[in-house]
Amino acid sequence: MIPPSGLPAPETEAELLRRARRLAGRPLSFLAANLGLEVPPDQRHAKGWVGQLLEKSLGSTASSRAVPDFEALGVEMKTLPVDARGVPTESTFVATLDMAESDAMRWEHSSIRKKLARVLWIPVEAEPTIALGDRRVGTALLWSPSTEEEAALRQDFEEIVDLIAEGFGESITGERGRYMQLRPKGASSRTLRWATDPEGAPVRTAPRAFYLRAGFTAELVRRHYQLAGGRRG
DNA sequence: TATTGATCATAT
DNA sequence: ATATGATCAATA
């Protein structure tokens, strides 16, 4: 499968990281020009554009399919909107949870665990005062959760899926979960899916997805650059 | 003003 | 319709 750019998929993690880091410091308009794309005038109508731009720029073959962005490497790519200090400004979407699938609600088998096993994080400037095309790509980092991080994520996951198993899925809000929350994720609030109430009766509720809180990714990035002997504010 | 809930585009 | 990619915007 040849991506639109004609760029072949990277064959190793090292190559992927090299490609990503070669983009560090470049404005998004530069990446767009390389691919023959226009920079959208309004991000409100192009919310996923930055992520898709980076995928294409790196040779991802998995546009919109339910596979890792770099399938052969098992690597997921996530852009990370950051402020002037490099601190993430938004939560990170991980995966939708199917409340009707009991298997999806076991950590070991979950798509959450799978997707977070290996992630290429790419910070991107996201201050609204900077025009979209002028926002620069930061230094990418390849990450896997430490034992402690995975335990913490698992704890949030299990707290939430246990509530769902007890029939409280419909009433779960974004306030649960220390590092990872469950929030609505649909085309609109009119989008509904099946869940089960405490009496075991089927009910319609908003589809929900797991998101990493900004505090989690902020800590992850901060520790990485500290260990790398990197920059400080 | 930080966070939760709602929403937008594209591809399959 | 549902998956991918997220950010917008109302609320607390």
Side-chain angles (χ1 to χ4, degrees), chain A residues 1-5 20 28 31-32 35 37-71 75-85 87-101 104 110-112 114-116 119-133 135 137 156 160 169-195 204-219:
Chain A
M1 270 158 282
I2 306 297
S5 62
L28 299 182
L31 311 203
L35 296 168
L37 300 173
E38 296 294 323
V39 177
D42 185 353
Q43 202 172 17
R44 279 177 301 182
H45 298 291
K47 294 181 181 180
W49 185 75
V50 176
Q52 289 158 356
L53 179 69
L54 268 297
E55 282 185 347
K56 288 175 186 160
S57 297
L58 295 174
S60 169
T61 55
S63 117
S64 211
R65 291 179 306 124
V67 297
D69 296 305
F70 298 96
E71 200 171 355
V75 174
E76 180 73 16
M77 189 214 82
K78 295 283 182 197
T79 56
L80 210 46
V82 296
D83 67 16
R85 294 146 41 222
V87 177
T89 58
E90 282 282 356
S91 56
T92 301
F93 168 75
V94 182
T96 301
L97 177 69
D98 187 345
M99 297 195 198
E101 279 298 330
S110 68
S111 56
I112 306 301
K114 211 162 293 177
K115 289 194 182 188
L116 294 180
V119 182
L120 181 70
W121 297 102
I122 308 182
V124 177
E125 286 182 326
E127 290 158 292
T129 53
I130 308 175
L132 184 54
R135 296 179 190 177
V137 177
D156 287 339
I160 289 167
E170 191 188 8
S171 58
I172 292 176
T173 72
E175 288 164 42
R176 291 211 110 87
R178 179 112 154 67
Y179 302 106
M180 194 167 65
Q181 61 182 169
L182 192 70
R183 302 217 306 271
K185 163 69 162 152
S188 80
S189 57
R190 278 86 70 191
T191 307
L192 296 173
R193 261 163 42 165
W194 291 108
R204 298 290 260 162
T205 188
R208 288 173 171 80
F210 281 104
Y211 290 79
L212 296 175
R213 293 182 177 281
F216 181 85
T217 51
E219 179 63 10

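These figures come from a predicted structure and were not determined experimentally. Letters A, B, ... mirror the listed sequences (proteins, then strands); counts begin at 1.
Not one side-chain nitrogen or oxygen of A:His45 sits closer than 4.0 Å to the OP1 or OP2 atom of B:dC8. Note on A:Arg213: a side-chain N or O is less than 4.0 Å away from OP1 or OP2 of B:dT4.
Between the side chain of A:Ser60 and the backbone N or O of A:Asp69, at least one donor-acceptor pair lies under 3.5 Å. A donor-acceptor distance shorter than 3.5 angstrom exists from the side chain of A:Lys78 to the backbone of A:Phe93, with no hydrogens or angles considered.
Taking atom CG of residue A:Leu53 and atom C1' of nucleotide B:dA9, one finds them 14 Å apart after rounding to whole Å. Between A:Ile172 atom CD1 and B:dT3 atom P there is a gap of 20 Å when expressed in whole angstrom units. Atoms CE (A:Met180) and C1' (B:dT3) sit 17 Å apart, rounded to a whole Å. For A:Leu212 and B:dT3, the CG to P distance is 14 Å, given to the nearest whole Å.
Applying the side-chain hydrogen bond (donor to acceptor under 3.5 Å, both in side chains) rule to A:Arg183 yields the partners A:Ser91, A:Gln181; only residues at least two apart in sequence or on another chain are considered. Residues satisfying the side-chain hydrogen bond (donor to acceptor under 3.5 Å, both in side chains) criterion with A:Glu76, sequence neighbours excluded, are absent altogether. Evaluation of the ring pair (Phe, Tyr, Trp, His ring centres under 6.0 Å) rule for A:Trp121 yields A:Trp143 as partners, not counting sequence neighbours.
A heavy-atom distance below 4.5 Å is not found between the side chains of A:Glu90 and A:Tyr211. Looking only at side-chain heavy atoms (C-beta outward), A:Leu97 and A:Arg208 stay at 4.5 Å or farther from each other.
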Which donor-acceptor pairs under 3.5 Å do side chains of residues 169-179 of chain A form with protein atoms, sequence neighbours excluded?
unit_1	atom_1	unit_2	atom_2	d
A:Ser171	OG	A:Phe168	O	3.0
A:Thr173	OG1	A:Glu175	N	3.2
A:Arg176	NE	A:Glu159	OE2	2.9

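With A:Leu28 as reference, A:Val124 is the one residue of A:Val39, A:Leu37, A:Val124 to meet the side-chain contact (heavy atoms from CB on, under 4.5 Å) rule.
Residue A:Arg208 is out of contact with every strand shown, counting any heavy-atom pair closer than 4.0 Å. Contact annotation for A:Ala214: no contact, since no heavy-atom pair falls under 4.0 Å across all strands. A:Arg190 comes within 4.0 angstrom of sugar-phosphate atoms only, judged by non-hydrogen atoms across all strands, and of no base.
Direction of the helix axis in the helix from B:dT1-C:dA12 to B:dT12-C:dA1 shifts by 30° between the two five-pair termini, rounded to 10°.
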**Asked** Nucleotide by nucleotide, 5' to 3', does protein get under 4.0 Å of the base (B), only the sugar-phosphate (S), or neither (-) in nucleotides 4-12 of chain C, counting heavy atoms?
**Response** BBBBBS---
